[in-house]
Protein chains: 2
Amino acid sequence: MVLVSDENIATSQAIAGELKESILAGKYKPGARLVQDELAEEFRASRSPIREALRMLEADGLVTIKSHSGAWITELDFAEFEELYQIRERVEPLMLRLSIPHLTTKLIKELEVILEKLNTATTVEQFLKYDREFHLLTYEGAITSYLGEIVQRMWNTTQPYRRRYSQILEREHFTSAHLEHTLLMNAIKRADLDDAERILFGHIRRTRLELQDQTEKEG
Amino acid sequence: MVLVSDENIATSQAIAGELKESILAGKYKPGARLVQDELAEEFRASRSPIREALRMLEADGLVTIKSHSGAWITELDFAEFEELYQIRERVEPLMLRLSIPHLTTKLIKELEVILEKLNTATTVEQFLKYDREFHLLTYEGAITSYLGEIVQRMWNTTQPYRRRYSQILEREHFTSAHLEHTLLMNAIKRADLDDAERILFGHIRRTRLELQDQTEKEG
DNA sequence: ATCCTTTAGATTGTATCCAATCACTCGAAA
DNA sequence: TTTCGAGTGATTGGATACAATCTAAAGGAT
């Protein structure tokens with residue numbers, strides 16, 4: 001990502017960035033409360049920038065604020081998780097379509113490296129990491145103002161749940177994912193927009209349906 | 001909409017709400033600067049809640065904040081407008097699909113009343129008003145957490161531009177829209193999800209392409 | 001004349017203090 | 001035993017004061 005936009009980052013932004021990293025890394029669990037005073041002490045700042053940072057994270061969907069009450073790490077029930085996946089099915093293929101024509105050969109090589117790591121991943125944690133990197137990198141070419149935000153936000157909020165749910169999945173799932181990722185990679189290299197869209201749609205949809213099945217089995 | 005959620009509204013929220021109304025009503029033009037001190041005076045409050053309100057509006061996409069510099073009413077160039085329409089094409093049909101099964105007969109009657117007004121609208125301003133009401137009401141049945149936000153946000157940010165661009169459109173456009181709205185209404189009454197999705201997709205897409213053509217003609 | 005640097009004013013960002021609100025405990029009454 | 005209500009401590013919301021930063025204008029050098 002070529003970011004030149006903001007030269008002078010306010011501390012509220014810096015705090016928001018660090019907190020975001022922590023949340024995505026799983027330091028805070030969904031539903032965990034964030035107390036302004038504690039955060040202020042942790043970041044050696046007053047509550048003002050903390051409050052602003054929390055608002056920014058709320059916009060990212062990572063934090064939920066309730067007035068006069070507090071801030072919590074956003075928690076999704078399964079219905080909400082499913083909804084986000086349905087949105088992803090519709091939106092990410094578009095993002096991919098807008099991206100592919102602008103992917104450089106350098107970026108495509110990078111994608112192949114990550115795909116290799118993804119296909120040889122042995123732990124769930126590795127799989128999650130490279131899966132995220134791979135997909136988000138395929139969108140790198142898209143020059144967008146809003147779509148990118150929406151997509152990132154969905155990946156952010158579903159992150160802890162992807163971790164949780166992927167432990168349920170059968171081994172079969174990962175081999176399907178493997179095949180789909182390879183097909184996707186080929187479509188990208190051919191710059192076949194329609195095919196790439198179709199594969200990605202199917203990929204996300206299949207994952208959603210499998211999760212649905214598995215969680216129903218559990219009750 | 002049945003909203004019971006927040007009992008005790010903070011003043012920052014109240015300010016955000018009022019500002020939002022003003023912006024959508026066209027009081028501030030896209031690109032206009034919002035100075036915190038001036039807003040504070042206008043709302044008889046200090047800058048703290050103003051700053052929070054601006055952050056909330058930023059999340060709504062109505063305002064753009066640049067650190068150490070200021071806040072402006074979000075301004076879209078035509079490419080961004082087009083992008084939002086492309087997202088709408090993908091996302092709103094889904095919203096409609098989720099909504100239709102939960103539409104009550106009372107709501108459907110309401111829709112027919114608005115459709116009648118829409119079809120007999122004589123001014124662009126009337127058309128815009130009833131068009132917005134009609135479409136958003138067709139989504140009323142959808143029980144969603146994120147999708148609704150996304151859709152509302154897109155209607156919000158494109159509002160001033162729909163006004164601007166619809167003055168360019170030929171009379172032909174409005175008759176097409178008329179026909180599509182009627183087809184959509186019928187599909188909704190039949191609860192034909194696939195058909196409704198298809199019609200809505202085409203409706204949004206056609207509008208986008210016509211706007212593209214017209215603006216290219218102008219230069 | 002143009003470009004760069006400096007400087008003053010305006011505006012945003014942060015710290016601190018006080019007020020408003022919430023949540024929870026404790027106690028009393030049914 | 002349960003339920004309701006008052007009171008208290010903790011936490012968030014808002015006001016004010018000060019610091020940091022940006023912007024634009026003025027002046028000097030090339």
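First the proteins, then the strands, lettered A, B, ... as listed; each starts at 1.
Near DNA chain D, meaning a heavy atom under 4.0 Å from it, residues 47-54 of chain A has A:R47, A:R51 in order of number. DNA chain D is contacted by no residue of residues 56-65 of chain A, taking any non-hydrogen atom closer than 4.0 Å.
Here D:dT21 presents its C1' atom at 12 Å from NZ of B:K66, a figure rounded to the nearest Å. Distance CZ (A:R44) to C1' (C:dA15): 16 Å, rounded to an integer number of Å. Atom CD of B:Q13 and atom P of C:dT21 are 13 Å apart (whole Å). Distance CD (A:E41) to P (C:dA15): 14 Å, rounded to an integer number of Å.
Legend: residues meeting side-chain hydrogen bond (donor to acceptor under 3.5 Å, both in side chains) with B:R162, ordered by chain and number and at least two apart, are B:T158, B:Q159. Applying the ring-ring contact (aromatic ring centres under 6.0 Å, His included) rule to B:F174 yields the partners B:F127; only residues at least two apart in sequence or on another chain are considered. Partners of B:Y130 under the ring-ring contact (aromatic ring centres under 6.0 Å, His included) rule, at least two apart in sequence or in another chain, do not exist in this structure. Checked against ring-ring contact (aromatic ring centres under 6.0 Å, His included), B:F43 has no partners two or more places apart in sequence or in another chain. Taking A:Y28 as the reference, nothing meets the ring-ring contact (aromatic ring centres under 6.0 Å, His included) condition, with sequence neighbours excluded. With sequence neighbours excluded, no residue forms a salt bridge (charged side-chain N to carboxylate O under 4.0 Å, His left out) with B:E75.
The residue B:A71 sits apart from the nucleic acid: no heavy atom pair falls under 4.0 Å. Within the nucleic acid shown, B:L34 comes within 4.0 Å of sugar-phosphate atoms alone, with no base atom in reach, counting heavy atoms only.
Ion pairing of A:R206 with A:E210 is present here, as a side-chain N (NZ or NE/NH1/NH2) and a carboxylate O approach within less than 4.0 Å. Between B:E21 and B:K27, no side-chain nitrogen of the basic residue sits less than 4.0 Å from a carboxylate oxygen of the acidic one, so the salt-bridge criterion is not met.
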Dump every N/O contact between nucleotides 5-11 of chain D and the protein below 3.5 Å, one line per pair.
| from | atom 1 | to | atom 2 | distance (Å) |
| --- | --- | --- | --- | --- |
| D:dT11 | O3' | A:R33 | NH2 | 3.1 |

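Applying the 4.0 Å criterion to OP1 and OP2 of D:dG13, one finds that B:T11 has every side-chain N and O outside that range.
Minimum atom distance to the side chain of A:S67 is reached by D:dG13, of the listed D:dG13, C:dT14, D:dA15.
Pairs of residues two or more places apart, or lying in two chains, that qualify as side chain to side chain donor-acceptor pair (under 3.5 Å) and include a residue from residues 92-101 of chain A are A:R88-A:E92, A:E92-A:Y139, A:E92-A:W155, A:R97-A:D194, A:R97-A:E197. Residue pairs meeting the side chain to side chain donor-acceptor pair (under 3.5 Å) criterion with at least one member in residues 100-118 of chain B, sequence neighbours excluded, are B:E112-B:K189.
Closest of all the heavy-atom pairs between B:L39 and B:L34 is CD1-CB, 4.0 Å. Taking each heavy atom of A:A53 and A:A16 in turn, the nearest pair found is CB-N, 3.8 Å.
With axes fitted over five pairs at each extremity, the angle between the ends of the helix from C:dA1-D:dT30 to C:dA30-D:dT1 is 20° (10° resolution).
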From CA spacing to verdict: side chain to side chain donor-acceptor pair (under 3.5 Å), A:E58, A:T64: CA-CA 6 Å; A:E58 188 188 29; A:T64 304; over 6 Å; no
